[in-house]
Amino acid sequence: MAKPVSIEVWNPNGKYRVVSTKPMPGTRWINLLVLQDCRVEICTEKKTILSVEDIIALIGNKCDGVIGQLTEDWGETLFSALSKAGGKAFSNMAVGYNNVDVNAATKYGVAVGNTPGVLTETTAELAASLSLAASRRIVEADGFMRAGLYDGWLPHLFVGNLLKGQTVGVIGAGRIGSAYARMMIEGFKMNLIYYDLYQATRLEKFVTAYGQFLKASGEQPVTWKRASSMDEVLQVADVISLHPILDKTTYHLINKERLSKMKKEAILINCSRGPVVDEEALVEHLKQNPMFRVGLDVFEDEPYMKPGLADMQNAIVVPHIASASKWTREGMATLAALNVLGKIKGYPTWSNPNAVDPFLDEKSPPPSACPSIVNAKALGLPVSKL
Ligand SMILES: NC(=O)C1=CN([C@@H]2O[C@H](COP(=O)(O)OP(=O)(O)OC[C@H]3O[C@@H](n4cnc5c(N)ncnc54)[C@H](O)[C@@H]3O)[C@@H](O)[C@H]2O)C=CC1
Ligand SMILES: O=C(O)C(=O)CO
């Protein structure tokens with residue numbers, strides 16, 4: 001770091017120094033930290049992505065914990081700097097933590113938090129929005145209107161796909177993948193095929209029960225299938241949505257060969273992480289297959305798009321906004337702050353990171369626990385009995 005970064009300070013005389021690398025939505029997260037004797041320093045630098053050097057400067061000589069962002073490279077260098085400054089806690093303001101070297105954090109005794117659950121429905125809603133926008137060509141049609149090209153109703157104007165009765169394919173049927181699947185099944189009566197390393201039992205039960213309900217109402221029941229391979233999903237589904245974590249096993253999960261297995265008129269949605277898709281291969285596929293459509297919230301080299309993608313009419317692109325609802329972003333800030341606070345105060349970790357609601361209830365104080373620490377086991381941290 002060359003020069004000091006600009007900061008805003010809350011509770012200057014607080015005992016514990018907590019740094020947030022970005023201003024975050026809402027004030028509850030600040031109040032919770034201040035109430036527990038933290039001096040909160042928020043980086044207000046007008047630079048979207050902070051470098052490792054910027055963050056080292058923010059950490060300084062004494063820092064108890066940091067709340068960071070998914071755009072930052074939290075590896076050996078930063079965890080070593082944080083540990084030298086006496087820090088024992090870091091939390092991403094995100095559920096995904098592929099930007100964090102968890103082993104390095106563990107080596108330096110730093111707990112790594114993330115923010116599961118609070119963004120499940122919001123993210124799934126964006127995936128559903130992109131699915132609808134792509135199937136009904138909403139963005140193309142909007143551009144056509146604004147360009148003054150509409151001169152009357154035509155039988156062939158922006159004809160898209162009907163979702164009802166088609167098959168939705170989910171790759172990675174965890175929290176978000178399952179929530180998305182439910183929206184598409186319940187909302188549009190699509191059948192489900194999914195691929196995950198684990199069985200999505202609750203999702204399967206839901207589809208079975210919903211299918212029975214539809215049948216009892218005299219309607220066509222919906223069905224589900226757990227695919228034995230990802231390729232089966234690609235071959236069968238009309239709309240495919242990607243929701244796995246990003247790791248070595250999911251890097252370029254969708255590549256040239258896999259794209260070629262999908263239906264020519266399929267829709268591919270990605271609200272997981274950009275590198276899950278080989279974006280260059282995708283651009284080529286979009287060029288060769290004009291009826292194939294994609295809805296992308298994430299990109300391989302964010303904030304950039306691969307050459308040619310922005311020119312494709314059959315692609316809808318939005319800037320990583322899947323979790324961007326007010327309630328969710330405020331909740332993410334709260335969970336991230338409570339992860340850091342909990343570790344500083346020596347609280348145990350919450351027993352179930354899939355059930356973090358008690359931390360989000362603004363009317364009552366949060367439990368004395370860290371909502372979600374991903375290396376809790378490796379660090380031997382106690383588990384909350386609450
Ligand atoms: N675009 C955005 O703004 C957002 C993106 N995300 C991304 O979504 C990801 C998923 O989040 P959650 O659903 O909360 O996580 P989760 O852990 O509940 O679900 C991930 C699922 O992926 C599955 N999986 C892992 N490796 C796989 C593989 N090789 N093949 C197939 N499935 C595999 C897991 O078994 C799990 O069921 C996050 O890790 C993050 O990267 C999450 C929130 C917002
Ligand atoms: O939480 C995440 O992983 C995101 O991508 C932003 O919500």
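We count ligands from 1, going down the list as the structure has it; atoms in each ligand are counted the same way. Only this structure's heavy atoms are used, side chains among them; waters, hydrogens and symmetry mates stay out.
Looking only at distances, a side-chain donor or acceptor of D297 sits under 3.5 Å from a matching main-chain atom of H320. Side-chain atoms of N92 do not come within 3.5 Å of backbone N or O of T115 as any donor-acceptor pair. The closest donor-acceptor contact from the side chain of D54 to the backbone of S51 lies under 3.5 Å.
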Y194 vs W224, ring pair (Phe, Tyr, Trp, His ring centres under 6.0 Å): CA-CA, chis, key distance, verdict: CA-CA 8 Å; Y194 79 92; W224 63 266; 7.0 Å; no
Salt bridge (Lys or Arg N to Asp or Glu O under 4.0 Å) between K225 and E232, worked out: CA-CA 10 Å; K225 180 171 187 200; E232 192 184 346; 2.3 Å; yes
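Minimum heavy-atom separation, S368 to P348: O-CD, 3.6 Å. The shortest heavy-atom contact between S272 and L242 is CB-O, 3.5 Å.
With respect to W350, the side chain to side chain contact (heavy atoms under 4.5 Å, CB included) criterion is satisfied by exactly one of S372, P358, C370: P358.
The contact shell of ligand 2, taken as protein residues with any non-hydrogen atom closer than 4.0 angstrom, comprises L70, A94, V95, G96, L119, R273, H320, S323, M332. At a heavy-atom cutoff of 4.0 Å, ligand 1 is surrounded by V95, G96, L119, T123, G172, A173, G174, R175, I176, Y195, D196, L197, Y198, H243, P244, I245, T249, T250, C271, S272, R273, D297, V298, H320, A322, S323.
F144 and F158 have perpendicular rings, their planes meeting at more than 60° on a 0 to 90° scale where under 30° would count as parallel.
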